[in-house]
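For reference, the structure discussed in these notes is given below.
Protein chains get the first letters and strands the later ones, always in sequence-line order, with residue 1 at the start of each.
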Amino acid sequence: MYELFCEDFNLDYTLDCGQVFRWDKPGDWWVGVVKGSVVRLQQDKVTGKVLVDSSLPKEFLEHYFRFDDDLDDILRRVNRDVFMDEAISKYRGLRLIRQDPWECLISYMLATAWSIPNIKRGISLLSARYGKKIGDGYYSFPEPETLAGLCDGELRDCKLGFRSGRIVKAARHVMGGNLVLDELFSADYREARQRLMFLEGIGEKVADCILLFAFGKMEAFPVDTHVEKVVRYYYGSHEFFNGSVTKSKIGDWGRMYFGEYCGYAQQYFFYQKRLEGLV
DNA sequence: GCCCAGGCATTTT
DNA sequence: AAAATGCATGGG
């Protein structure tokens with residue numbers, strides 16, 4: 001048991017905003033599976049200190065929660081107008097998380113045309129069946145080797161639908177060295193995105209999620225159905241779109257409009273839209 | 001029954 | 001280049 005602290009850090013917003021799928025808050029504590037172990041966290045509302053019950057070292061969680069980001073500076077940079085200003089003032093303290101690349105890759109491939117509760121259920125079922133038991137109903141995320149060895153018929157038993165075949169193929173690409181995930185850290189955003197999009201089932205949106213949430217590419221601007229609606233509604237008349245607002249152009253617009261940390265802006269909008277709808 | 005969900009791939013206009 | 005459609009599954 002130890003304590004974590006960082007200025008501008010809100011644990012609830014960070015874990016509830018829909019970027020990560022292996023955390024739940026059944027009571028006063030957040031419980032999650034990270035790096036093959038169960039982690040329990042509780043934040044003191046007054047002091048902001050986070051109580052940690054985990055075998056993971058403090059340094060790991062500080063890295064995981066991106067305490068190295070100067071959030072005040074980042075939010076100042078993306079705060080371009082009254083819409084973003086409102087999202088920031090409501091949800092300040094939401095930090096992006098450094099997820100594990102392999103788990104993030106598979107998770108966002110599963111996210112295709114699924115609601116967040118469905119995604120969480122799918123990952124949970126996949127882990128329960130093909131991960132390692134790490135105590136009392138918790139299971140680690142399956143290894144690439146395990147999933148690569150399956151036929152997609154077996155995976156379909158996990159109710160993954162049309163996603164099953166894609167998952168097995170992706171696992172085989174990773175196992176075979178066709179896609180070396182660690183290389184994407186040093187590749188620039190465009191190059192990394194192109195490499196991810198070679199996989200069946202990874203388009204612009206899924207690639208952007210993986211690049212933002214696992215590889216820290218802040219210029220990724222994932223355009224899902226929520227972000228698309230927000231941008232159409234508030235910014236659709238901008239000269240940039242020249243009358244036609246497509247998902248691909250929305251991504252380019254986000255990069256242009258919010259700048260090098262647009263990924264953060266996207267996540268604040270996404271969370272606000274999910275909670276409040278289009279006000 | 002309908003429509004939608006952190007879409008993608010393919011076909012049709 | 002934009003729009004329509006099929007794809008599995010679960011929830012409102």
key: Opening and closing nucleotides of DNA chain B in contact with chain A, under 4.0 Å to non-hydrogen atoms   = B/dA5 to B/dA9
key: Touch class at under 4.0 angstrom, heavy-atom based, for A/G203 against every strand present   = sugar-phosphate
query = Do you know which of A/F240, A/F241, A/Y235 makes ring pair (Phe, Tyr, Trp, His ring centres under 6.0 Å) with A/H238?
reply = A/Y235
inquiry  = Using the P atom as the point on both nucleotides, what is the distance between C/dC7 and B/dG6, in whole Å?
reply    = 22 Å
Span that lies between the C1' atom of C/dG11 and that of B/dC8, in whole angstrom = 22 Å
inquiry  = Applying a 4.0 Å non-hydrogen cut-off, can you work out what A/L199 is touching in the nucleic acid: base, sugar-phosphate, or nothing?
reply    = sugar-phosphate
request  = Under 4.0 Å from any atom of DNA chain C, heavy atoms only: list the residues of residues 109-130 of chain A that qualify, in numerical order.
outcome  = A/A113, A/W114, A/N118, A/R121
task = Indicate, with a heavy-atom threshold strictly under 4.0 Å, whether A/Q19 touches base, sugar-phosphate, or nothing.
result = base
query = Counting any heavy atom closer than 4.0 Å, what does A/K229 reach on the DNA or RNA strands: base, sugar-phosphate only, or nothing?
reply = sugar-phosphate
query = Is the closest basic N to carboxylate O distance between A/E200 and A/K169 below 4.0 Å?
reply = yes
task = Report which part of the nucleic acid A/T246 touches: base, sugar-phosphate, or nothing (heavy-atom distance under 4.0 Å, all strands).
result = sugar-phosphate
inquiry  = At 4.0 Å (heavy atoms only), tell me whether A/F213 reaches a base, stays on the sugar-phosphate, or touches nothing.
reply    = base
query = A/Y91 and A/Y271: ring-ring contact (aromatic ring centres under 6.0 Å, His included), yes or no, with the steps?
reply = CA-CA 8 Å; A/Y91 303 108; A/Y271 191 35; 5.1 Å; yes
request  = Please check if atom NZ in A/K35 has more than 12 non-hydrogen atoms from other residues, nucleotides or ligands closer than 6.0 Å.
outcome  = no
task = Take atom C1' in B/dC3 and the same atom in C/dG6, then report the distance between them in whole Å.
result = 16 Å
inquiry  = I'd like to know whether the aromatic ring centres of A/Y108 and A/W114 sit less than 6.0 Å apart in this structure.
reply    = no
inquiry  = Heavy atoms only, 4.0 Å cut-off, all strands: where does A/Q267 land among base, sugar-phosphate and nothing?
reply    = base
task = Could you check whether A/L160 gets within reach of a base, just the sugar-phosphate, or nothing at all, counting any heavy atom under 4.0 Å?
result = nothing
task = Look at A/K90 together with A/E276 and state whether they make a salt bridge at an N to O cut-off of under 4.0 Å.
result = yes
